[in-house]
Amino acid sequence: MDAIWTLGNQDTPRYAPLNADADADVAIIGAGITGLTTALTLAEAGQKVIVLEAREVGGGVTGGSTGNLYSTLASGQASIRKKWGDEVSRDVIRARSEAVDVIEALIERFAIDCQFQRQPAYRVEPANDSKAGYDWDEEKAALADAGLDVEAADHPGLPFATQGIKISDQAQFNPLHYVQGLATVASDLGVIIHEHSPVRNVDHKQGTVTTDTACVSARHVVYATHTPKGLNLLQAGMLVSREYAVSARLKSGHYPEGIIWAMDPFHSLRSYRQGNEQHVIVIGEKHKTGEQKGDHYRHLQEYLQTHFDVEAFTSQWSAQQYSSPDGLPYIGRLHGQDTVYLATGFAADGLTWGTLAAMIISDQVLGRDNPWQARFDARRITPGKSATQYTKENAHVARHMFKDYLSTEKLKEADEVAPGQARVAKVDGEELAIHRTEDGQLKVLSAVCPHMKCIVHWNNAESTWDCPCHGSRFDCDGEVIEGPSYHPLARRIR
Ligand code: FES
């Protein structure tokens, strides 16, 4: 099932794949919020821009996001203040507030129909939950000292008693309709967008971006791909995780308003109206990519059923997150490259970081100063703040690199896999990812991730092959869905 944002989406313009070599001032890889905001900004400044999207506009993590726009971080302001201190905590709020204002201004200026509305954000826990133990005073002080309007409050519309805090003047929208609107405006301004054009190689020295069919030559290249494609030092130490979402219609018609983070231990809740229908959405069940265990969608359905009078479930989807080791995103020029740019490490807060990334990268391309460029510099080295996660995630990758090869089961024939099953197995000395569809079709792929040779794992919730090392994900036919791998899983004829 697709994300709820696709409801009522019939008249979306589509863009032809790249089928001939082309030149541009700027080649942007990825047509999500980062890529399209960058493209639009640069086109307005007179740059010739080509955007290459592997799937469809907003079809990656932007279209799988919550549609929540906020100045703080979903993980809480106190943790970033503890790690970085008061000045950075304030900068995070100021930079992200500016980014939300930019989104609002673009929506107004170009009349983008995406249901943008200012809403408060609530961070709450079940009232009188002695186990929760969240430090509200600390979080409230961190938010207030960073410049936000915050007060102690429960959530007025939740069907269970809560205690916590309220942050005024945040926002919500439909993220897919927003980026589709950006694409239309950018296209009208001369940006050339190509969908279904996965990039297979980027040559930084030559400034060439190559797809299966053609090549774009550009003075500047922007990786707006959530994580840079290919090998990049920033992938080491990044925590890659997936989170799930379920939406439902309620019998009562009483839907909670605003952005709600329920610390129970963590669910994100919001409502969404499409036409005459309203839906409540819950997001949670986070786990490391490639380590899916249990029925995450069912758990979220049960959560909704426990707290709300569910009439029917209407949608379910999941999305990926890259969390940087020092807690801030990496935005700007690549190490050793003055005309290649990236944006990654957005954690769960990507719509706002993605917009900020577009502001910073556009200014860098145009040779303009940006007040936030140094703060979120992709070239920064912060060993003191990164060491713990960096060590942990590198050990995690090393563990998978060795353990997964050593523990792969042996099969005589790929044929042994039953309908509806997926297994990673060694057959004739080769690690294979074998999936038999419910109707009996056998799909056999190499289980070796083309990025850095880790073994992929089956994700039962999504029917995908997910790599636990740096988050490359592949569909049942091996094609890349997202992540750093340029290339699909190799097909094996059986
Ligand atoms: Fe890096 Fe698979 S994503 S090895």
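Start at 1 and go down the list; that is how both ligands and their atoms are numbered. For the single chain, residues carry numbers from 1 onward in sequence order.
Within the 6.0 Å centre-distance limit, the rings of Tyr297 and Tyr244 are counted as a close aromatic pair. Centroid-to-centroid, the aromatic rings of His400 and Tyr405 stay 6.0 Å apart or farther. Aromatic rings from His296 and His287 are positioned such that their centres are separated by under 6.0 Å. Tyr70 and Trp261 have their aromatic ring centers within a separation under 6.0 angstrom.
Listed as neighbours of ligand 1 are Cys449, His451, Met452, Lys453, Cys454, Cys467, Cys469, His470, Gly471, Ser472, Pro484, each bearing a heavy atom under 4.0 Å from the ligand.
Among residue pairs with one or both ends in residues 26-42, none qualify as salt bridge (charged side-chain N to carboxylate O under 4.0 Å, His left out); sequence neighbours excluded.
For the pair Arg473 and Trp465, the cation does not sit on the ring face, since its NZ or CZ is not both under 6.0 Å from the ring centre and inside 45° of the axis.
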